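Throughout, protein chains are lettered first and strands after them, A, B, ... in sequence-line order, and every chain is numbered starting at 1. Nothing here was measured: the structure is a model prediction, and the numbers come from that model.
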2 protein chains.
Amino acid sequence: MEQQTTGYIHVHEETVHRVNEIMPGEEELFDLAELFKIFGDSTRIRILYVLFESDMCVCGIAELLGMTQSAISHQLQVLKKAKLVKYRREGKTIFYSLADGHVRTILDQGMEHITE
Amino acid sequence: MEQQTTGYIHVHEETVHRVNEIMPGEEELFDLAELFKIFGDSTRIRILYVLFESDMCVCGIAELLGMTQSAISHQLQVLKKAKLVKYRREGKTIFYSLADGHVRTILDQGMEHITE
DNA sequence: AATACATATGAACAATCGCTCATATGAAAG
DNA sequence: CTTTCATATGAGCGATTGTTCATATGTATT
């Protein structure tokens, strides 16, 4: 391997520069990983698929998915914190809905990958 | 709430049907969650960004990211298992590269979501 | 005020995860 | 065959995760 000025033994200097240019910053990387972690659980994915069809209250989602109100509520807090869902109160009931269209795009891309 | 024939108290029967139609099967949901779990770690994301620029050997990646060979190798096995990277051997060295273009699309979609 | 219904939340637990360390495998060079 | 370099792998660990259980908060009804 030719002479290097960067101290890297296994990587070309030019490659190091190119990688450093496109590599997102520490905070962006963290946020990106946090986002994908959200999608990395089938309960949360199922909740999102439910909300594709209709706004729904917490115990509605729980009924539909056959899970406890508590489990669903905990996961909805996770989705809320990540700004993937929003909610509105109507009396005693709280209706959750999708925050934006990116959610669907990301899930669709993932589905494309696994079904090929 | 009006009379239901499905036994659901909080959800309209029609909504139940619509959700059941679009909801992926158990195995698809599992695979989808598994896929996104892979993207849910910043070390793996950084490896993928490196491979966007160039095929690279294990210790090249380790050098570039300032991590141990072992840590990188373990993560490459995860990425390999998920068919996100492929590899070729050249003598003692093994070069890893991206398996397909979906990887980039998925990361780009995620990046779009967090930078808005 | 008291009750009932809808939701949120904190503690606890088993399960999983990412890294380190030590060691094993594999290929080339001497 | 022995050494060296590149990579893989298994055990062990501290940290994080998803669920359950019990309980708290919040709203409407009586």
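- The side-chain heavy atoms of Leu76(A) and Ile61(A), taken from C-beta on, include a pair separated by under 4.5 Å.
- OP1 or OP2 of dT7(D) has not a single side-chain nitrogen or oxygen of Gln77(B) nearer than 4.0 Å.
- The listed nucleotides are dC5(D), dT7(C), dT20(D); the one nearest the side chain of Cys59(A) is dT7(C).
- For the pair Thr68(A) and dT20(D), the criterion of a side-chain N or O lying under 4.0 Å from OP1 or OP2 is met.
- Among the heavy atoms of the strands lying under 4.0 Å from Thr93(A) are primed sugar atoms or P, OP1, OP2 only; no base atom is included.
- With hydrogens and angles left out, the side chain of Ser70(B) and the base of dC19(C) share no donor-acceptor pair within 3.5 Å.
- At whole-Å resolution of the value, CD in Glu34(B) and P in dT16(C) are 10 Å apart.
- Between Phe36(A) atom CZ and dG18(C) atom C1' the separation is 19 Å, expressed in whole Å.
- Spacing between atom CZ of Phe39(A) and atom P of dT17(D) amounts to 16 Å, rounded to whole angstrom units.
- Rounding to whole angstrom units, NZ of residue Lys92(A) and P of dA28(D) are separated by 9 Å.
- A close approach under 4.0 Å does not occur between any side-chain nitrogen or oxygen of Arg89(A) and OP1 or OP2 of dA6(C).
- Atom CD1 of Ile9(A) and atom C1' of dC5(D) are 11 Å apart (whole Å).
- Listed nucleotides: dA6(C), dA8(C), dA8(D). Nearest to the side chain of Ile94(A): dA8(C).
- Note that the OG atom of Ser42(A) and the CG atom of Leu48(A) stand 11.5 Å from one another [nearest 0.5 Å].
- Residue Val58(B) places its side chain closer to dA8(D) than to any other of dT19(D), dA8(D), dT20(C).
- Regarding Glu90(A), its CD atom lies at a distance of 14 Å from the P atom of dA6(C), rounded to whole Å.
- Listed pair His74(A) / dT19(D) fails the phosphate criterion, with no side-chain N or O lying under 4.0 Å from OP1 or OP2.
- For the pair Ile72(A) CD1 and dA8(C) C1', the interatomic distance rounds to 14 Å; values are reported in whole Å.
- Protein atom CE of Met56(A) is 12 Å distant from nucleotide atom P of dT7(C), rounded to whole Å.
- Between Tyr96(B) and the phosphate of dA8(D), there is a side-chain N or O to OP1/OP2 separation shorter than 4.0 Å.
- Distance NZ/Lys83(A) to CG/Asp100(A): 11.0 Å, rounded to 0.5 Å.
- Between the base of dA6(C) and the side chain of Gln69(A) there is no donor-acceptor pair shorter than 3.5 Å.
- Electrostatic pairing of Arg18(B) and Glu21(B) does not count as a salt bridge here, judged by no charged N lying under 4.0 Å from a carboxylate O.
- Positionally, the nearest nucleotide of DNA chain D for Thr43(A) lies more toward the 5' end than for the other of Gly91(A) and Thr43(A).
- When atom types are taken as modelled, the side chain of Arg46(A) and the backbone of Met23(B) share no donor-acceptor pair closer than 3.5 angstrom.
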